[in-house]
2 protein chains.
Amino acid sequence: MSLDIDSALQLRRNQSLTSIIRRELEQMIERGELSAGERLNENALAAKLGVSRGPIREACRGLEQSGLVNVVVNRGVFIRALDGREAAELYEIRAALYGLAGRLLAPIVTDQQVAILTGYVEEMDAAMAAGDLNSFYPGNLRFHEAIVEFGGNMRLAAECAAIHREMHLLRRRTLDMPGRMATSNDEHRAILERIAARDPAGAEAALEEHVLISRNALFGPLGHYPDA
Amino acid sequence: MSLDIDSALQLRRNQSLTSIIRRELEQMIERGELSAGERLNENALAAKLGVSRGPIREACRGLEQSGLVNVVVNRGVFIRALDGREAAELYEIRAALYGLAGRLLAPIVTDQQVAILTGYVEEMDAAMAAGDLNSFYPGNLRFHEAIVEFGGNMRLAAECAAIHREMHLLRRRTLDMPGRMATSNDEHRAILERIAARDPAGAEAALEEHVLISRNALFGPLGHYPDA
DNA sequence: CTTTTGCCGATTGTCAACAGTTTAAGATTC
DNA sequence: GAATCTTAAACTGTTGACAATCGGCAAAAG
């Protein structure tokens, strides 16, 4: 029982109201409860969460820096709307970073890690067979997270996570298209195969291609920035 | 005289105290007035800048998210200290991003942009001939900034600028070593040559190599993460 | 002599109130 | 009826004050 107390205290020790609120807002954005362009009312939020405006303002300044909201002086903070151009730019960056992750991981991957990644791919296969998008999505997330984390560059992992959060500002999601699930997991298997073969350049190329195909599923294969 | 008032008001209109303070703190870090590990006292800062603690706290939350400071609950905000491992990780990310910038720029670069880049390299040549490190450094900065900006991915440019700011948390700087100036500008010329040749893969490789050589000048050529 | 305990100053976390700005509705004019 | 001006409500920016917490120092216990 002292375990619970300790963990509770530990939590309380490292978390100010500001950080709790920031995470809460991030999750609200991730769950789509706050849609792009929407303005968030400091007073209403303060009342809803039972705190004063101070911590909320501090949390919003953090969200601003991580690109999740825009702050306009004297008008308020708005959930950021990713237009097509910005989304395409993010995909390009994301492709480069995932490519780097694959290149880093391939030479140092352990058999155990390969097994874990294989497990994720098989999970997604099962979800695909059941046509269950809701369990495909988290598997996909864990697969990509594992690759960047196993790569050993923790800062890269944090950066990828931040970009992933920012992607939720897009209304349309690549994987929402049912047909994409099968080809997406084929790509996952190709990535895994290059990693298991300890092939840095191959893993890099496979991961880059995977991200860019996702982008093309959104914007069309031309690769140009769509306007707005 | 009304000009001053107007411009001051115009500034006031688009900039909250928070954003002004954040920029001020960023510049203090960039100029080295705040050294790594140092704690910043909210009351003292508030008194020094003539504002209350609220905007200062908000600014610090932004700095936290951009990685320039650490915030420890109930103890305060500390200028972040980049240990060797984190710095090496940042260099890897930076190399990938600059490589991407080169790959994007090469196919679309204009003759005028090539001329501008050539100008920067010649400026650095002159600074080098004069042994003037203080004018080599800003030339170097503008050269790299121009490459990412001409590449057209504005988000990438912002990301590179953020990483560059974070690099100032390192005490030792690559270019501080006088011998590095010459070889560094040789690399710049190689980069420029690949861009002018409209060679995406070559520009990417040259830029990646340039960043990694900088890293090796700091950490040695092994490429492993030094401990602490 | 070392360790523990209790206190005090300093500093941060949070809050409620005030001041200035924006927004929107209503009144007024053409 | 449309456009403009007026005015009030709502909201954000900022401040000062209060409560909670931390680090250090001195006294007491072992």
Side-chain angles (χ1 to χ4, degrees), chain A residues 5-26 28 34-35 37-65 68-81, chain B residues 2 4-26 28-29 34-65 68-81:
Chain A
I5 295 176
D6 281 357
S7 64
L9 279 185
Q10 197 61 27
L11 275 165
R12 172 116 186 143
R13 226 164 257 311
N14 302 10
Q15 294 191 358
S16 60
L17 273 188
T18 298
S19 66
I20 295 173
I21 292 168
R22 189 176 60 203
R23 219 160 316 166
E24 181 63 29
L25 288 175
E26 282 173 0
M28 287 172 89
L34 297 171
S35 45
E38 193 172 335
R39 173 173 146 269
L40 38 100
N41 185 318
E42 292 180 1
N43 277 316
L45 248 178
K48 182 179 173 187
L49 300 179
V51 298
S52 76
R53 285 174 47 217
I56 289 183
R57 287 179 62 84
E58 291 180 17
C60 287
R61 290 319 181 277
L63 293 179
E64 177 187 22
Q65 199 62 30
L68 291 179
V69 302
N70 276 330
V71 175
V72 183
V73 183
N74 278 321
R75 297 221 15 219
V77 312
F78 300 81
I79 307 299
R80 183 150 162 255
Chain B
S2 109
D4 285 341
I5 296 176
D6 281 357
S7 64
L9 280 186
Q10 194 60 28
L11 277 165
R12 240 321 186 330
R13 228 166 254 308
N14 304 6
Q15 297 189 354
S16 62
L17 274 187
T18 298
S19 65
I20 295 174
I21 292 168
R22 189 176 59 203
R23 217 160 319 169
E24 181 64 28
L25 288 175
E26 281 173 1
M28 286 172 89
I29 292 174
L34 297 172
S35 44
E38 193 172 337
R39 173 174 144 269
L40 35 102
N41 185 318
E42 293 180 1
N43 278 318
L45 248 178
K48 181 179 173 186
L49 300 180
V51 298
S52 76
R53 282 175 49 217
I56 288 183
R57 286 178 63 83
E58 292 180 18
C60 287
R61 289 320 180 276
L63 292 179
E64 177 188 22
Q65 198 62 29
L68 292 178
V69 302
N70 275 331
V71 175
V72 183
V73 183
N74 278 321
R75 296 224 13 220
V77 311
F78 299 82
I79 307 299
R80 183 148 163 258

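By convention in this document, chain letters (A, B, ...) are assigned in the order of the sequence lines, proteins followed by strands, and residues within each chain are numbered from 1.
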Could you tell me how far apart [X] ([atom1]) and [N] ([atom2]) are, to the nearest whole angstrom?
| X | N | atom1 | atom2 | answer |
| --- | --- | --- | --- | --- |
| A:Leu45 | D:dC11 | CG | C1' | 14 Å |
| B:Arg75 | D:dA20 | CZ | C1' | 16 Å |
| B:Asn74 | D:dA19 | CG | P | 16 Å |
| A:Ile21 | C:dT14 | CD1 | C1' | 10 Å |
| B:Arg53 | C:dA16 | CZ | C1' | 15 Å |
| A:Phe78 | C:dT22 | CZ | P | 12 Å |
| A:Leu49 | C:dG13 | CG | C1' | 17 Å |

Report yes if at least one side-chain N or O of [X] is closer than 4.0 Å to OP1 or OP2 of [N]; otherwise report no.
| X | N | answer |
| --- | --- | --- |
| A:Arg61 | D:dG13 | yes |
| A:Arg39 | D:dT12 | yes |
| A:Arg57 | D:dT12 | no |

Task: Along DNA chain C (nearest heavy atom to each residue), the more 5'-positioned of A:Ser52 and B:Asn41 - done: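 Nearest-nucleotide comparison on DNA chain C picks B:Asn41.
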- [ ] Under 4.0 Å between any heavy atoms, over every strand shown, what does B:Gly54 touch: base, sugar-phosphate, or nothing? Just pick one.
- [x]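 Base contact.
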Open item on the list: Does B:Ile56 reach a base, just sugar-phosphate, or nothing at all? Heavy atoms under 4.0 Å.
Closed with: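 Nothing, no nucleic acid heavy atom in range.
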Open item on the list: For a quick check under 3.5 Å, do A:Gln65 and B:Arg22 share a side-chain donor-acceptor pair by atom type?
Closed with: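 A pair is found: one side chain offers a donor N or O, the other an acceptor, under 3.5 Å apart.
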Between [options], which one does the side chain of [X] approach most closely?
| X | options | result |
| --- | --- | --- |
| A:Leu17 | C:dT23, D:dT15, C:dC15 | C:dC15 |
| A:Glu42 | D:dT15, C:dT12, D:dT12 | D:dT12 |
| B:Asn43 | C:dT22, C:dT11, D:dT14 | C:dT11 |
| A:Thr18 | D:dG13, C:dT12, C:dT14 | C:dT14 |
| B:Val73 | D:dT12, D:dT14, C:dG13 | C:dG13 |

Task: Inter-residue atom distance A:Asn70.CG - A:Leu63.CG, 0.5 Å rounding - done: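 Reported value, rounded in 0.5 Å steps: 11.5 Å.
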Heavy-atom side-chain proximity of [X] to [Y] below 4.5 angstrom:
| X | Y | answer |
| --- | --- | --- |
| B:Val71 | B:Glu64 | yes |
| B:Val72 | B:Phe78 | yes |
| B:Leu45 | B:Leu25 | yes |

